[in-house]
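All remarks here apply to the structure that follows.
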There are 2 protein chains.
Amino acid sequence: VGLTVAVAGLGLIGGSLARTLVAGGVEVVAFDPDPATREAAEDAGIRAVHSVGALAATGPDVLILAVPLAAMTAVAREVAAALPGGSETVVTDVGSVKAPVRAAVEAAGLGDRYVGAHPMAGTELSGFEASDADLLPGAAWAVTVAPSTRPAHLLTVLGLVAGPLRGRARVVSDAAHDDAVALVSHVPHVLATELLNQVAAAPARDLALGLAAGSFRDGTRVAQTDPRRTEAMVAGNAAAVARALRAAAAELTALADALEASGGADSADSAHGGPLHTFFDAADPVRELLAVRADAAPAPSTDDPTSPVTVVPLTDPGWRERLTALGEEGAVVVGLDPAADPPTVSVRPGR
Amino acid sequence: VGLTVAVAGLGLIGGSLARTLVAGGVEVVAFDPDPATREAAEDAGIRAVHSVGALAATGPDVLILAVPLAAMTAVAREVAAALPGGSETVVTDVGSVKAPVRAAVEAAGLGDRYVGAHPMAGTELSGFEASDADLLPGAAWAVTVAPSTRPAHLLTVLGLVAGPLRGRARVVSDAAHDDAVALVSHVPHVLATELLNQVAAAPARDLALGLAAGSFRDGTRVAQTDPRRTEAMVAGNAAAVARALRAAAAELTALADALEASGGADSADSAHGGPLHTFFDAADPVRELLAVRADAAPAPSTDDPTSPVTVVPLTDPGWRERLTALGEEGAVVVGLDPAADPPTVSVRPGR
C-alpha cells in the first residue's frame, strides 16, 4: 500500500488494527498511555512512541483515533497541536458512534481532514492482550462522510479498510450510522439488560431463573457482561437510542393493551388483522431476508457477482449524497480508482 | 413404577413424553387425532387408540393433556365424559401457561383430580416426528397446586416427573408459574420480536442488517421462527405478559428520559448514582447468580449435596403454602415418601 499509519490507542480494536496492518506490510507507528502495552506492542513488531504528540509529529498518511469516546476530544486536540505544518495526514477513528466523534474532531480543528469509521467487530474481552490480527478481516465497516469530506481523504480511508484491513465498507452519513447501530447494537443491549432487570426485581426471581431456558439465555447474553461498558456505549449514542426506546415503549404498551383486551388465547383476534397479528407479523420481510442470509455463505463471499456494480465519480455536486444513499441501502464498496479523473468509488448491493 | 399413563396428543412434547415413559418401562396408551401420527406411534412401540373417549375409558392412573391450549377445554370435557365411574385417574397437562388450563379443567368438572405441570423444554420443531425420548430428561418442570389439590394426586404426578421422566420439579402456584415464565420465556420472545420490528420499520433497514453482528443475532434468534406460535404462547399468558410489558415500557421510557437529559457520554451521570447507572446496575445480583451457574456443572448435578433438605409433610393446614413458598424460592423436589404417615415431599435449594 505504501501508506504510513499511526494508531492512537492499543486496546482491543486499536491493537487488532495495528497487528493486521503490520501483518499486511503497512508501516505502523502506535501510541498507548500504558508502558507495558507499548512494550507488548514492540514485542509484536509494532513500533511504539511515548506520546500522542510524538505520534502525530511523525506526519503519517493516516492517523487512527482508537481511544475511548470520553478521551476523543482531548486526544484530537493533542493531535492537532503536534501535526507537522503542511502535513496531509488524514484523521479517522474506530468509535462506536460517529456524530459525537466528528464534533470532537471539529472542535480540535481537524474536521477538514476527518473521515469517520466504525468496524462492527469485538469480543467480550478488552485490552491489547485480547487483540488479534484475525479480529477485523471480514468485518462490516461503516465509513462516514459529511459535506466537508474531501474525495482524496475518503479514498485513503476506504483504501485502508477495503485493502490491508480486508473489511466490507459502506459509505454512509454519521446520522445513518448512529441510527443503524442504535437498532442493531445499542437497543439490543438495552433490551437484554431490561430482561435481566425484570427478573432481578421479580418476587419469584429464583423460580424464574430456575425455569429459564434458551430464549432467556440468548436474550440476555450481552447483558451479562460489564454494565459500565454497555452504559458508555449507549450514552454515547443517546439521541438515537432514546428515540428507538420511545418507539419500543409505545409498541410494547400497545401490545399490552391488545393482550388485555383479548383476554387470552381464545379471543377473536386469532382472526387475521388484529393488533396481536400486527405486532407479531410486522417483521416478516426481515425474517425472509435473515432466512436468506442464514442459508448463504459467510459474509465476505455473499456478494452476488452478477449483481450490478454502480460506479460513482467523486465530483460535486452530489457525490456524497449519491454514495451515502447507496450505502444506506446496504451497498458495499467493491472498487476504488483514485487515479481516474475524476476518481471513483464502485459499490454493489451487499448483505 | 407400575403406573398406567395415558397421553392425549402426540406432538413434540406429548410424543417425547410417551417415548420417554415407554423407554422407562411405564405402560403407556396414547391418542392423536392424526391417523398417520397414531401409526408412527405404534411403530415406536406406543399403543395408540382412536379417540379421547377411548383413551379416558382405559381408566389410567394418570392422564396427561398434551394438546394445544386452544383445544384444552374441549378435550377435558371429552375426558370427563369417558372416565369410568369410580376411577381414581389423576389429570395433568404440559401446557405453557397454568391458570387458564386449570380453569378449563375445572369447567369440565375435573378440578378435584387435576395437578398442573409444565416442562421447560422444546425445540424450533414441532410434531411427533420431532419428538425424542431425550428431550425431557434433565428438564426443569413446574408442578402447580391449588387449594383443592389432594396430596395423593400431587405425589403421583411428582413421582412421574421426578421418576421415569427424570425432571427437576418445583412445586408452585399457577400464578407464580405464569409470572415466572412471562419473564423468562414470553417477554424475551416479545422483545426479540420488537428488535426485528424496529429494524423492519427503519429507513436504513438494509444498512442496519448489513452492520448487524452478535448482539442482534442473539437478541432476535427466537423471533426468527414462526410468529403464529409465539403469538399463541404470549396470548395464552396475556395478563402476566401485559403486566411485564407495561413495566418494561416504563423502564425504557425512563431510560430514554435519562439519556436525553444526559446529552451523551460526557455527562455528569458518569458519577455513581445517576439514573443511567440505576438502569444498568439493577441486575447485578442476577449477573452474579448467572456467573455462578455458567461455571457450574450441567443442571441435573448442580444441587449441592451439602445444602439443607427440607421435608414437608403433606398435612393440613398449610402444606400447599409451605411447599409452594419453597418452590417459589427455587427449591427442587429431591425426595417423595408416599407411604409415610403423613406422606412427605423433600426439597433442596436448587438452580
Side-chain angles (χ1 to χ4, degrees), chain A residues 69-70 100 120 140 176 179-180 183-185 188-189 191 194-200 202 204 206-208 210-213 215-216 218-219 221-222 224 227 231 235-236 238 241-242 245-246 248-249 251-253 255-256 259-260 262 264-265 276 280-283 285-287 290 328-330, chain B residues 69-70 100 120 140 176 179-180 183-185 188-189 191 194-200 202 204 206-208 210-213 215-216 218-219 221-222 224 227 231 235-236 238 241-242 245-246 248-249 251-253 255-256 259-260 262 264-265 276 280-283 285-287 290 328-330:
Chain A
L69 292 174
M120 302 302 291
D179 286 350
L183 297 182
V184 297
S185 173
H189 277 79
L191 295 193
E194 174 61 23
L195 287 176
L196 275 195
N197 286 358
Q198 291 223 351
V199 169
D206 294 328
L207 173 63
L211 297 179
S215 65
F216 185 75
D218 285 5
R221 183 186 60 84
V222 295
Q224 293 181 30
E231 177 181 334
V241 174
L245 294 181
R246 291 197 196 287
E251 279 208 30
L252 298 178
T253 302
L255 179 60
L259 285 169
E260 285 175 353
S262 78
L276 292 184
F280 285 102
D281 291 351
V286 168
R287 285 190 184 91
L290 291 170
E328 286 157 27
E329 288 164 7
Chain B
L69 292 174
M120 302 301 293
D179 285 350
L183 297 182
V184 296
S185 173
H189 277 79
L191 295 194
E194 174 62 22
L195 287 177
L196 275 195
N197 286 359
Q198 290 222 353
V199 169
D206 294 327
L207 174 62
L211 296 179
S215 64
F216 185 74
D218 285 4
R221 183 186 60 84
V222 296
Q224 293 181 30
E231 177 181 334
V241 174
L245 293 181
R246 290 196 196 289
E251 279 208 30
L252 298 178
T253 301
L255 179 60
L259 285 168
E260 285 176 353
S262 79
L276 292 184
F280 285 102
D281 290 351
V286 168
R287 286 190 184 91
L290 292 170
E328 286 158 26
E329 288 164 6

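In what follows, chains carry the letters A, B, and so on, assigned in the order in which the sequence lines appear, proteins first and then strands, with residues in each chain numbered from 1. None of the values given here were measured: they were computed from a predicted structure.
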When heavy-atom pairs shorter than 4.5 Å are enumerated against chain A, which of [options] gives the highest number?
options: B:A282, B:A180, B:P227; value: B:P227
options: B:A213, B:S185, B:P100; value: B:S185
options: B:E251, B:E328, B:E194; value: B:E194

Do you know which two heavy atoms are closest between [X] and [Y], and how far apart they sit?
X: B:A235; Y: A:L276; value: CB-CD1, 4.1 Å
X: A:A283; Y: B:L196; value: CB-CB, 3.5 Å
X: A:S215; Y: B:R221; value: N-NH2, 4.2 Å
X: A:G210; Y: B:A140; value: O-CB, 3.5 Å
X: B:A202; Y: A:L183; value: CB-CD1, 3.4 Å

Are [X] and [Y] packed together at the side-chain level, in the sense that at least one heavy-atom pair is separated by less than 4.5 angstrom?
X: B:V241; Y: A:L255; answer: no
X: B:L245; Y: A:T253; answer: no
X: B:L252; Y: A:L252; answer: yes

Whatever's closer than 4.5 Å to a heavy atom in chain A on B:N197 counts as both
Using 0.5 Å steps for rounding, measure from the CZ atom of B:F216 to the CG atom of A:L290.
6.0 Å
State the CZ-CD distance between A:R287 and B:Q224, to the nearest 0.5 angstrom.
8.5 Å
